[in-house]
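Numbers here are sequence positions counted from 1.
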Amino acid sequence: MSAGCHVSGLDTGECRLPCVSGMDTDECGMEASMCNCVCRNMNEDGSMTRKEQKEERRKAILMTALTLFVERGYHDTKITDIAKAVPMSTGLMFHYFESKEELLLELVKMGAESTKALNTGATDTIPPDLFLTGFLKQLFSYAEEQPWVFNMFVLMSQARRNGMPEDARRVALSVESIDATARMIEAGQKKGIFREGDPKLLSRCFWASVQGVMEEMSMDKEMKAPQPEWILAILK
């Protein structure tokens, strides 16, 4: 039998399962190998909805772009490189994202959204040192389960630099992790928990350490996360 759909076993042109592109299968003309890739995300009865297929494909594009932006650099990554790595045709990718700039902006928005837990999670009832220790434990634990988190830290740092697309850079610069942590440090200083010093400078040192750890772990897949207390010692 020639290569065909992973679920139905039919040649791609004969398969009637809905296509990830949102078109009828015979209109899409997707290659058999591509159809196989899409169908692996379906239940054996082909019950995944068209909307679910498109969302899975969208996530795959984003995660692939994130990896390439970090490994090759944003400016050295072409939209065709991303499409090839997914894999999918460049034309099909444009059904999801119109440009490389739009892909970067969406990723940076994801990164900015993930910082809200730090900005809104601290309360007067939780000592700041315990809050930051718990935050780091959760961050490192989640990142080890979901390695893309390491890459997101790297990308967010890159997106803040001059020369990056302005919309993405503006979102990256809007992240208030340093200011939010500085407020916690100042509160901790008043209670005698943290060392004396400029709270914002201490916050920058804290986050520079976290950033360095995440970048190292993005490059060295065998590296283990440090104890949160090691990083928190910067503040004590």
Original post:
Which residues satisfy the side-chain hydrogen bond (donor to acceptor under 3.5 Å, both in side chains) test with E55, sequence neighbours excluded?
Top reply: none

**OP:** To the nearest 0.5 angstrom, please state how far the CG atom of L105 sits from the CZ atom of F97.
**Re:** 10.0 Å

Original post:
Checking side chain to side chain contact (heavy atoms under 4.5 Å, CB included) for the pair L136/F206: CA distance, chi angles, key distance, verdict?
Top reply: CA-CA 11 Å; L136 290 176; F206 172 85; 3.9 Å; yes

**OP:** Using the salt bridge (charged side-chain N to carboxylate O under 4.0 Å, His left out) rule, collect all pairs that involve residues 137-166, keeping only residues at least two apart or in two chains.
**Re:** none

Subject >> Residue pairs passing the salt bridge (charged side-chain N to carboxylate O under 4.0 Å, His left out) test where at least one lies in residues 201-213, sequence neighbours excluded >> reply: none

**OP:** Might you point out which heavy atoms bring A172 and V108 nearest each other, and give the distance in Å?
**Re:** N-CG1, 3.7 Å

**OP:** Measure across Q189 and R195 and return the closest heavy-atom pair with its distance rounded to 0.1 Å.
**Re:** NE2-O, 2.9 Å

Original post:
What pair of heavy atoms forms the shortest contact from L202 to I234, and how long is it?
Top reply: CD2-O, 4.1 Å

Original post:
Atom CD1 in I193, atom CG in L232: separation rounded to 0.5 Å?
Top reply: 10.0 Å

Subject >> Point-to-point distance, once rounded to the nearest 0.5 Å, from CD1 of I61 to CG of L92 >> reply: 7.0 Å

Original post:
Out of curiosity, does V175 fall in the hydrophobic cluster containing L173 (side-chain heavy atoms, cut-off under 4.5 Å, transitive links)?
Top reply: no

Original post:
Do any pairs count as a salt bridge (charged side-chain N to carboxylate O under 4.0 Å, His left out) and have a residue in residues 97-106, sequence neighbours left out, and if so which ones?
Top reply: R58-E106

Subject >> Any residue meeting salt bridge (Lys or Arg N to Asp or Glu O under 4.0 Å) with D179, in chain and number order, not counting sequence neighbours >> reply: K200

**OP:** Would you name the heavy atoms of D167 and R170 that are closest together and state the gap between them?
**Re:** OD1-NH1, 3.1 Å

Original post:
Does some side-chain heavy atom of V210 sit less than 4.5 Å from a side-chain heavy atom of F153?
Top reply: yes

Original post:
At their closest point, which heavy atom of P228 faces which heavy atom of T133, and how far apart are they?
Top reply: CB-O, 3.9 Å

Original post:
Please, which pairs that meet side chain to side chain donor-acceptor pair (under 3.5 Å) have at least one residue in residues 216-232, sequence neighbours excluded?
Top reply: none

Original post:
Sequence neighbours excluded, which residues qualify as side chain to side chain contact (heavy atoms under 4.5 Å, CB included) partners of S203?
Top reply: I178, T181, A182, I185, W207

Subject >> Pairing residues for Q138 by the side chain to side chain contact (heavy atoms under 4.5 Å, CB included) criterion, not counting sequence neighbours >> reply: none

**OP:** List the steps, then state whether side chain to side chain contact (heavy atoms under 4.5 Å, CB included) holds for V154 with M219.
**Re:** CA-CA 10 Å; V154 177; M219 294 185 291; over 6 Å; no

**OP:** Please identify each residue that fulfils ring pair (Phe, Tyr, Trp, His ring centres under 6.0 Å) with F150, with sequence neighbours left out.
**Re:** none

Subject >> Pairwise distance CE(M214) to OG(S209) - rounded to 0.5 angstrom >> reply: 11.5 Å

Subject >> E215 vs S157, side chain to side chain contact (heavy atoms under 4.5 Å, CB included): CA-CA, chis, key distance, verdict >> reply: CA-CA 10 Å; E215 291 189 11; S157 177; 4.2 Å; yes

Quiz: residues 65-85 side-chain donor-acceptor pairs under 3.5 angstrom, not counting sequence neighbours:
from : atom 1 : to   : atom 2 : distance (Å)
T67  : OG1    : M63  : O      : 3.1
R72  : NH1    : D81  : OD2    : 3.3
H75  : NE2    : G163 : O      : 3.3
T77  : OG1    : L68  : O      : 3.3
T77  : OG1    : G73  : O      : 2.8
D81  : OD2    : K78  : N      : 2.9

Original post:
What is the minimum heavy-atom distance between M152 and M110, and which atoms define it?
Top reply: CE-CB, 4.1 Å

**OP:** Say whether F194 and I126 are linked into one hydrophobic cluster, either directly or through other cluster members, by side-chain heavy-atom distances under 4.5 angstrom.
**Re:** yes

Original post:
Are M184 and L201 in one and the same hydrophobic cluster, where Ile, Leu, Val, Met, Phe, Trp and Tyr link if side-chain heavy atoms are under 4.5 Å apart?
Top reply: no

